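Encoded as structure tokens, the structure appears first; notes follow it.
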Amino acid sequence: MPTAAPTPKAVLHQRFGTKARYTVEEMREAVGGCPGLAPQTRSVYRCALELPGLSVATPGTFVRKKDAEQAAAQIALDKLGIQPPSNIPSTPEEAWDELIARISGFFIDENFLSSTHPLVGHLSVTLRRTGDLIGRLPLSAIAACDVKVNTLCKVINPKAEFDPLLVLSLMYNAAKQSPGVSVSDSNFWIQSQKPYSPEAVDLALKRWSFTSDPVEVEAILVPHVLENELKIITINLRDNKHYMGYVAEKLTVSDSSQVLVSRTIGKASSEIRLYFAAPSVHFVSDMSKNVLACHGDGDINCQVNKRASYISGQTIYGDALLANIGYTRRDSELHTEDVNLCTYYRILLGKLPDGNCKMSRDAILAAELPSAYSRFSWKGLSPRDLLCSFCRNQRLSEPLFAVNRVSCDMLTSAVSSEERGEPAKSVENQYTNDVRIDKENPDIFTCEVKICSRKQEILLEYSAAHTWSKESDAIQNSALKVLIWFNNYFKQLNTKMDKLYLSKCIDSFKIHPNIFLQEFAMCLSVYSKTGCNDSGICSSVGPFIVDTPKKQLESTATLTHIEGPDSGVFPSHGSLTSISYTASLVMKDKAKIYLLESHNEFEFEIGTGAVNNQLESCVTQLSVNQAACFIAELPPRDLILAAASEFSHELSNVSRESCSLEFSVKVLQVTEPLEDRMEKALFSPPLSKQRVEFAVQHINELHATTLVDFGCGSGSLLDSLLEHPTTLEKLVGVDISRKGLTRAAKSLHQKLSKKSLVQTTVPTAVLYDGSITDFDSRLYGFDIGTCLEVIEHMEEDQASLFGNVVLSSFRPTVLIVSTPNYEYNPILQRSAMPNKDDEADENAGPCKFRNHDHKFEWTRAQFQCWATDLAVKHNYSVEFCGVGGSGEEPGYASQIAVFRRMARDMEEMCLNKDQDQPYELLWEWPNASIPV
């Protein structure tokens, strides 16, 4: 896989360093407004670049500073005629000659000993020896230290990227042809044929310091037998001996020349590697026949270590040692750091689709991969970065994103979710890792994703059905969909294979099973049943992928030790909520408590699945400044050890039956959903209050005494109606969310209690737990029914079912239904005032829902068609209006249908009051207490 080309700024920095001076100018640019709204502006940037002897400036403006700087740098490169450097040989023959020369240069060029190259650290240890051992190194030390050697080996034979033994073979054969180098015929030692000068040796010894104090380093032994447990071992480094000699002792091999080393694992800055014994092999000293073979099929050293191979992405043989030891350019002495079980399980976690999401938020036990993306509320690494990281960790190619630009002129007026699922007409479709698209036209975007092997063989394709006003939104949302697919796949690896791999398109995905199985063969052998001798999943790895069904939020997290007064400000769906929390493993006898995870301030969006279900359930039961505790379902052992840090060794022996996981949580702040914030900022009064005033007007016109709010949620409408003078005598709310109903009961109870102290007539109020698509005879024939901003949270067929049930069975005298006007979205989105580095595109077409939880949003024509059909069918009249804006094009922000039952259709329904009561009575004023 070729490395990514350096950016224009990076190329200039290599040439000019700090002499390249960028000056970025911020400007304000008008953004198209609309009737009823104040003119909007946004920040744009232009950049001037000063170089020695050259000055350039961008001719246009950019919505991001970094784009302006890169554009200026590219102009300078074009004027100077500078091309990005490329020093990698293009043919195996050229790479072979360069490999020979490079190995030779390490030993015949004495100036090399004065460099900061990590290999000099290895050499400096051996230069303290005497006799024939002076300067003698294991060949694998070169492979561990020099990236260029590994790159040349990959050019000679691409398989070398995945096989340290093949790298050793190539190096061994190249070293035999390297002038000035001596290579052992019986093992893998290499050294200079001539002694180094005393001056060169002194320089090396001064650069690399030593200590006479012994150093103990913890490492993990990874057995090649899957059923065997990991072992923690201690390596004692002393006497200034080469550290690979001590590693050889732990691997029970004769000397360090028999030790092979993997690439670094995890962060590029770490020296975590796998060390393992070289199998018994013979090499053919011919570049065109670089092959190797094991002596004896039953040799244990030739058995592949599947766990070690999986985490390294290379073929590892026999038992392996995971250790963090080595020389680096940053240090003047040997770098050492302990590797414990926590380290191992974090490496393993990083290879999962949701692993880097958890670790980037430093919330392994609390965080989950969210189900929806919003650039305003997303925290941690972006979905695109997470997908790229996942592909790199799985040794796949970088994901390919094809952004399709669709002109707004190509869109039809019918934009239902079904129609948006059709392939968009594209005027541009370019697969790329660095998406750069001209933005002159007010177009919208879709995105397709391809996941390929290192050989560029496609194993998964995804075609997004939705459209977006920003190309970045299209990319991020598509990347998230692919991540979610992989996440679900990893959780189902213990199911039968014939149920997992489908080659036809399903839910916008197309899987290529043969390539997929080939690329994930090592993963499957470790995680799935096929990798174990018994019928279960390997205990050392398996708990990561046990498919524990997610429980509904309504039935989780029983709170204890609730502290603080009820502030009345609760987290709701879509709100950005900040909490502090601790997660501790508590022994049953309370003898010990292990603090696994804590955050003083952790922010997430409610309803996106960004935290585990029980934690979100707890948070939504608390108001701001309230705190509580709850006992959570015990997570898999692997996650506990990944979070355990210094306790990992101690907890590895703890029985799951003897402990529990306890969360302590406090709600710090709640920020309203973006949709609500936009409405409050752009409309006075906010749309929510305008909808309430609209309902109050119709209540008083009708002299209504009874009202039922279908989909009442947390009771915001019912609560607001108590603040207005109306003729209502009975208020009823119905919702399927018990959590929301509980909050509604608390709020209504508090407000009605206060009203009863100063008023003699207070309306009764009832809250029912149930689905608004089910008929309950107790709510038949109410004066007025409301369903405000609810139906868009349902699937379209369910919204139609609700319309039929409410008009045919509940039969209120008047029904008021409101829903967002899809045609108004571009105005709201352009006026959302995003941050300076992420401006909304001017004149973007209708393309994005206001809330990620919306299943659809209708145009005026669609909504009127839906309502008119229902009215005709059930003998109602219907009229249309709305709130928000002036009503001129493109209509109101929130469109409303008012259904009125025809006067001639007043006959009573024949009701079965005993059977038609599916709703559960949750709370009633004044006869019931507040539900817990």
Side-chain angles (χ1 to χ4, degrees), residues 310 348-360 364 366-373 378 380-391 393-394 396 399 421 447-451 458-466 476-513 515-517 519-524 526-531 537 541-553 607-614 616 633 635-636 638-639 795 852-853 855:
Y310 175 63
L348 201 61
L349 179 60
K351 295 182 73 69
L352 296 178
D354 61 349
N356 280 304
C357 174
K358 291 174 175 288
M359 291 192 290
S360 71
I364 292 174
E368 298 288 347
L369 181 65
S371 60
Y373 170 80
W378 185 273
L381 292 175
S382 70
R384 179 180 180 174
D385 289 342
L386 290 172
L387 182 60
C388 290
S389 178
F390 171 74
C391 290
N393 288 338
Q394 294 294 337
L396 302 172
C447 182
E448 299 173 4
V449 184
K450 288 184 180 180
I451 306 298
I458 300 173
L459 56 94
L460 179 146
E461 297 176 86
Y462 170 73
S463 298
H466 292 88
Q476 299 293 358
N477 280 278
S478 298
L480 181 58
K481 290 292 186 183
V482 175
L483 274 172
I484 291 172
W485 187 93
F486 273 114
N487 202 36
N488 292 335
Y489 166 79
F490 268 71
K491 290 180 178 180
Q492 298 178 43
L493 284 180
N494 56 335
T495 60
K496 293 183 179 180
M497 296 300 176
D498 58 358
K499 294 183 179 180
L500 286 176
Y501 309 112
L502 300 172
S503 58
K504 62 181 181 179
C505 292
I506 296 180
D507 295 332
S508 304
F509 285 92
K510 182 177 182 181
I511 313 302
H512 299 262
I515 305 301
F516 194 101
L517 285 169
E519 292 302 313
F520 283 90
M522 189 61 68
C523 169
L524 291 170
V526 171
Y527 279 110
S528 67
K529 296 177 182 179
T530 58
I537 304 170
V541 180
F544 265 132
I545 54 85
V546 172
D547 190 15
T548 303
K550 287 190 175 182
K551 296 183 178 180
Q552 296 297 319
L553 293 178
T608 62
V611 296
N612 71 61
N613 284 343
Q614 289 178 301
E616 180 164 310
E633 180 182 344
D638 302 51
L639 284 181
E795 297 295 342
H852 57 74
D853 190 56
K855 303 301 187 296

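Please read all numbers here as calculations on a predicted model, not as lab measurements.
Of all the heavy atoms in Gly609 and Glu616, the pair that sits closest is N-OE1, 4.4 Å.
Put simply, the side chain of Met359 reaches to within 4.5 Å of the side chain of Leu349, judged on heavy atoms. In this structure, the side chains of Asp354 and Leu483 stay at 4.5 Å or more apart for every pair of heavy atoms. Considering only heavy atoms from C-beta on, Phe490 comes within 4.5 Å of Phe520 through its side chain. Counting heavy atoms from C-beta on, the side chains of Val449 and Glu461 never come closer than 4.5 Å. Within the 4.5 Å cutoff, no side-chain heavy atoms of Ser463 are placed close to those of Ser478. Counting heavy atoms from C-beta on, the side chains of Gln394 and Lys351 come closer than 4.5 Å.
With sequence neighbours excluded, the residues satisfying side-chain hydrogen bond (donor to acceptor under 3.5 Å, both in side chains) with Ser389 are Asn356. Applying the side chain to side chain contact (heavy atoms under 4.5 Å, CB included) test to Leu460 and every residue at least two apart in sequence or in another chain returns Ile451, Val482, Trp485, Phe486, Phe509, Ile511. Judged as a side chain to side chain contact (heavy atoms under 4.5 Å, CB included), and not counting sequence neighbours, the contacts of Leu480 are Leu369, Tyr373, Trp378, Pro383, Ile484. In this view, Asp385 satisfies the salt bridge (Lys or Arg N to Asp or Glu O under 4.0 Å) rule with no residue, not counting sequence neighbours. Every residue two or more places apart in sequence or in another chain was checked for a salt bridge (Lys or Arg N to Asp or Glu O under 4.0 Å) with Lys481, and none qualifies.
With values rounded to the nearest 0.5 angstrom, Lys450 atom NZ is found 9.5 Å from Lys510 atom NZ. For the atom pair His512 NE2 and Leu459 CG, the distance stands at 8.0 Å (nearest 0.5 Å). Between the SG atom in Cys357 and the CG atom in Leu352 there is a gap of 12.0 Å [rounded to 0.5 Å]. Taking CG from Leu386 and SG from Cys391, the interatomic distance works out to 11.0 Å, rounded to the nearest 0.5 Å.
Listed for the Lys358 side chain is a donor-acceptor partner under 3.5 Å among the backbone atoms of Ile364. Between the Asp853 side chain and the Gly607 main chain, no donor and acceptor come within less than 3.5 Å of each other.
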